[in-house]
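Read through the structure below, which is laid out as C-alpha cells, and then see the notes.
Atoms within a ligand are numbered from 1 in the order they appear, just like the ligands themselves. Please read all numbers here as calculations on a predicted model, not as lab measurements.
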Amino acid sequence: MASGPAQTVLVAGGGIGGVATANRLRRRLDRRHRVVLVNRDPDFTFAASYLWVMTGARRPEQVTRPLTRLQRRGIDVVIGDVTDLDPTTRTLTVGGRRLTGDHLVVSLGADWVSDRVPGLAEHGHTFATLPGAQRLARELEHIETGRIVVVTVAPLYKCPAAPYEAALLIDAGLRSRGVRDRVQVAVRSAEPAPMPVAGPTVSAAVQQLLAARGIDYQSGRQITAAEPGTARFGDTSEDADLLVYMPAIVAPPVIANSALAAADGWIHADRGTLATAFDGVYAIGDNTQIGLGIGKPLPRAGVFAHGQALVVADTISATITGKPAPSGFDGRGGCFIETGAGRAAYGAGDFYADPAPAVALHNPARRWHWGKAAFELQVMRRWL
Ligand SMILES: Cc1cc2nc3c(=O)[nH]c(=O)nc-3n(C[C@H](O)[C@H](O)[C@H](O)COP(=O)(O)OP(=O)(O)OC[C@H]3O[C@@H](n4cnc5c(N)ncnc54)[C@H](O)[C@@H]3O)c2cc1C
C-alpha cells in the first residue's frame with residue numbers, strides 16, 4: 001500500500017450500509033488508518049428477517065448483534081445520536097462530542113412516520129420494526145376467525161416487496177394452523193400496483209401470487225384512519241379485525257436539516273459514485289434519493305445499500321492508497337419475496353436500465369428461500 005498520512009474514515013449509521021462499508025474498508029486499509037462507525041443504538045438488527053420474527057421462524061436474538069463486535073476487527077464503534085452533520089468539515093456531533101474525518105460516509109437510513117394516519121399506531125400492528133414484528137407474531141398465533149387487512153400507508157416505504165411478502169406469509173401461517181378458511185386476508189396499497197418501480201410485468205406477477213392464495217388486493221387505496229375493528233379509506237371503510245401496516249418514511253431530521261439535503265430532505269448522491277456535492281462525503285442506502293428515468297426513485301432496499309457500500313468503500317480505499325477508482329454502482333439487485341412453506345420468489349434485474357428498469361420475477365422456489373437465508377447468515381455471522 002502507498003505510505004500516505006494516516007487517515008480517518010467516519011461512517012454515520014450502523015445498519016446494512018454502514019456495517020458493510022466499515023467491514024469492507026477495514027479489509028482494504030492497513031491499521032494505520034482508522035475506521036469509525038457511529039450508531040444511535042448499540043445493536044444491529046437485520047430488518048429483512050423481521051418477517052420471520054412475525055411468523056415465529058426467528059427469535060429476536062437471532063437477528064440482533066451488538067455493534068461492538070466490530071471492534072474485534074479493528075473498527076472503532078461510537079454509540080450515540082448524531083445531532084449535527086457538517087459536510088463541509090466532515091464533522092459529526094455525537095452526544096456533544098465532535099468527530100471529524102478525512103472521509104465521511106452517510107448511511108443513516110430513513111425514519112418511520114408513526115402519526116400520519118389517526119388511530120393507526122394504536123389500533124394497527126406493524127412488521128416494520130422488531131418490537132412490532134414480535135407483537136404481531138403474538139396476534140397471529142391466536143387469530144381464529146375474522147379479517148386481516150395489510151395496508152401501505154404511502155407509496156414510498158422501505159423494501160417494496162415487504163408488505164406483499166407479509167400478506168403471503170400471513171396466509172401461509174393461517175393455512176398451516178388450519179384456520180385459513182375462517183380468516184379473510186386482504187391487501188390495500190397506497191401505490192398504484194405492487195412494486196411499481198419493477199414494471200408492469202412484475203406487478204402483475206405479484207398480483208397473481210396474491211390471487212392464487214385467495215388474498216383480495218386493491219391498489220390506490222389510501223388508508224385515512226383506523227378505529228377498533230375498522231380501517232377507513234376516505235369515504236369508505238372496511239372491517240379489519242387485525243390491521244397490519246407498512247409505515248411511510250421521511251428523511252432523518254439530522255440529514256434534512258443539514259447542507260447535504262436537497263429540498264425534499266433526502267441526499268441526492270451521484271447514482272454511480274454515491275459522491276455528494278461535498279469533497280470526501282458519500283451517501284448510500286435509504287437516506288439517498290436516486291432518481292430513475294421513469295420518475296420514481298431507486299427502491300430503499302438493503303441489497304442496494306450493500307452494493308453501494310462496496311463501491312464507496314473501494315473508492316475511499318483507492319483514494320487513500322493511490323489505486324485506480326473502482327467502477328461505479330450499476331443499479332443491479334434483487335429481492336426475495338417469501339411465500340411460505342420454505343419457498344420464495346425472487347425479483348431481480350437492472351434498475352438503471354433505460355428507458356425503464358429491466359426486472360423479472362422468478363417463480364417461488366426453495367432455492368430463493370435458501371438464498372435469503374444465506375444472505376441472513378452472511379450478515380449475522382460474517383459481518384458482525
Ligand atoms: C420489514 C422489512 C423487511 C425488509 N426486507 C428486505 C429484504 O428482504 N431485502 C432488502 O434488500 N431490503 C429489505 N428491507 C430494507 C432494508 O432493511 C433497508 O433498505 C436497509 O436496512 C437500508 O440500509 P441503510 O444502511 O441505508 O439504513 P439502515 O439499515 O436503516 O441503518 C441506518 C442506521 O442509522 C442509525 N441512525 C439513524 N439516525 C441516526 C442518528 N441521528 N444518529 C445515530 N444513528 C442513527 C439507525 O439506528 C440505523 O442503525 C426490509 C426492510 C423492512 C423494514
Side-chain angles (χ1 to χ4, degrees), residues 10-22 37-55 63-65 67 77-85 92-95 99 105-112 126-130 132-133 136 150 152 157-166 169 195 244-247 249-258 266-267 269 274 283-290 298-309 312 333-338 344-348 351 368-369 371-373 375-376 379 383:
L10 283 182
V11 180
I16 293 274
V19 170
T21 305
L37 180 139
V38 183
N39 196 64
R40 172 186 290 146
D41 307 303
D43 290 332
F44 169 93
T45 60
F46 187 51
S49 296
Y50 294 173
L51 288 171
W52 282 338
V53 172
M54 178 192 83
T55 64
V63 302
T64 305
R65 291 281 183 280
L67 282 165
V77 176
V78 176
I79 302 301
D81 212 7
V82 177
T83 50
D84 189 60
L85 191 163
L92 303 173
T93 305
V94 188
L99 305 173
V105 183
V106 184
S107 190
L108 291 172
D111 282 3
W112 300 118
T126 188
F127 49 81
T129 64
L130 188 52
L136 182 51
V150 180
T152 64
Y157 51 86
K158 296 187 195 189
C159 190
Y164 301 97
E165 194 178 13
L169 286 174
M195 302 165 62
V244 179
Y245 66 96
M246 175 54 114
I249 53 171
V250 287
V254 68
I255 286 176
N257 296 333
S258 79
W266 303 102
I267 307 171
L274 289 313
I284 60 172
D286 287 0
N287 58 197
T288 61
Q289 179 89 346
I290 309 271
L298 183 71
R300 268 70 175 177
V303 63
F304 297 129
H306 175 225
Q308 294 166 343
V312 166
C335 138
F336 303 101
I337 308 174
E338 287 284 306
Y346 184 52
F351 285 77
W368 304 126
H369 167 74
K372 178 158 176 169
F375 185 51
E376 179 196 54
V379 173
W383 292 13

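Taking only nitrogen or oxygen atoms, main chain and side chain alike, Cys159 does not reach within less than 3.5 Å of ligand 1. Residue Glu165 has no N or O atom closer than 3.5 Å to an N or O atom of ligand 1. For ligand 1, the polar-atom distance check against Pro252 finds no nitrogen or oxygen pair separated by under 3.5 Å. At a 3.5 angstrom cut-off on N or O pairs, Ala110 does not count as close to ligand 1. Checking only distances, Arg40 does come within under 3.5 Å of ligand 1, N or O to N or O. Backbone and side-chain nitrogen or oxygen atoms of Tyr50 are examined, and none is located within less than 3.5 angstrom of a nitrogen or oxygen of ligand 1. Between Ala128 and ligand 1, a contact under 3.5 Å exists for no N or O pair. Inclusion of Met246 in the set of residues having an N or O under 3.5 Å from an N or O of ligand 1 is not warranted. Geometrically, ligand 1 and Gly17 share a nitrogen or oxygen pair separated by less than 3.5 Å.
Every heavy atom of Leu51 sits 4.0 Å or more from the atoms of ligand 1. Not a single heavy atom of Trp52 sits less than 4.0 Å from an atom of ligand 1. Not a single heavy atom of Pro299 sits under 4.0 Å from any atom of ligand 1.
Taking all heavy atoms of Val19, Asp41, Val106 into account, the minimum distance to atom 47 (O) of ligand 1 is reached by Asp41. Distances from atom 27 (O) of ligand 1 to the heavy atoms of Ala12, Gly13, Gly109, Cys335 put Gly109 nearest. Considering Leu130, Val94, Asn39, Val38 only, the shortest heavy-atom separation from atom 35 (C) of ligand 1 involves Asn39.
Of the protein's non-hydrogen atoms, Lys158 NZ, 3.7 Å is the one closest to atom 30 (O) of ligand 1. Here the heavy atom of the protein found nearest to atom 2 (C) of ligand 1 is Ala47 O, 3.6 Å. The protein heavy atom nearest to atom 10 (C) of ligand 1 is Gly302 N, 3.3 Å. The protein heavy-atom contact nearest to atom 26 (O) of ligand 1 is Asp286 N, 2.8 Å. The protein heavy atom nearest to atom 21 (O) of ligand 1 is Ile16 CG1, 3.5 Å. Scanning all protein heavy atoms for the shortest distance to atom 28 (P) of ligand 1 gives Gly15 CA, 4.0 Å. When only non-hydrogen protein atoms are considered, atom 7 (C) of ligand 1 lies nearest to Ala48 CB, 3.6 Å. When hydrogens are left out, the protein atom nearest atom 37 (C) of ligand 1 is Leu108 O, 3.2 Å; that is the closest non-hydrogen contact.
Of the possible donor and acceptor atoms, one in the side chain of Asn39 sits under 3.5 Å from a partner among the backbone N and O of Gly14.
Here Thr126 contributes atom OG1 and Leu136 contributes atom CG; the two are 8.0 Å apart, rounded to the nearest 0.5 Å. The structure places CD of Gln289 at 9.5 Å from CG of Leu298, a figure rounded to the nearest 0.5 Å.
Residues Leu67 and Pro42 are not in side-chain contact: their nearest non-hydrogen atoms beyond the backbone lie 4.5 Å or more apart. Using a 4.5 Å cut-off on side-chain heavy atoms (C-beta onward), Phe46 and Glu376 make contact. Side-chain contact between Val250 and Trp112 is absent, with no heavy-atom pair separated by less than 4.5 Å. By the 4.5 Å heavy-atom criterion applied to side chains, Leu85 and Leu108 are counted as neighbours.
The aromatic rings of His306 and Phe375 sit tilted, their planes meeting at an angle between 30° and 60°.
For Trp112, every heavy-atom contact with ligand 1 shorter than 4.0 Å involves the side chain, none the backbone. Contacts between Asp81 and ligand 1 below 4.0 angstrom, taking non-hydrogen atoms only, involve backbone and side chain alike.
Between Phe336 and Tyr346, a ring centre-to-centre spacing shorter than 6.0 Å is recorded. In summary, the aromatic rings of Phe351 and Phe304 are positioned with their centroids under 6.0 Å apart.
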- Show the numbers, then the answer: is there a side-chain contact (heavy atoms from CB on, under 4.5 Å) between Val105 and Gln308? CA-CA 11 Å; Val105 183; Gln308 294 166 343; over 6 Å; no
- Message: Evaluate Phe127 against Met246 for side-chain contact (heavy atoms from CB on, under 4.5 Å), listing each step before the verdict.
- Response: CA-CA 7 Å; Phe127 49 81; Met246 175 54 114; 3.8 Å; yes
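Here the closest non-hydrogen pair linking Gly18 and Leu37 is O-CD1, 3.5 Å. The two atoms that bring Ser107 and Gly17 nearest to each other are OG-CA, 3.5 Å, heavy atoms only. Val303 and Gly334 make their closest contact through CG1-O, 3.4 Å (heavy atoms, listed as atom of the first residue, atom of the second, distance).
With ligand atoms numbered from 1 in the order given, ligand 1 contributes 8 (O) to contacts under 4.0 Å with heavy atoms of Lys372. Distances below 4.0 Å separate heavy atoms of Gly285 from the following atoms of ligand 1: 26 (O).
The side chain to side chain donor-acceptor pair (under 3.5 Å) test applied to Arg65 returns no partner, not counting sequence neighbours.
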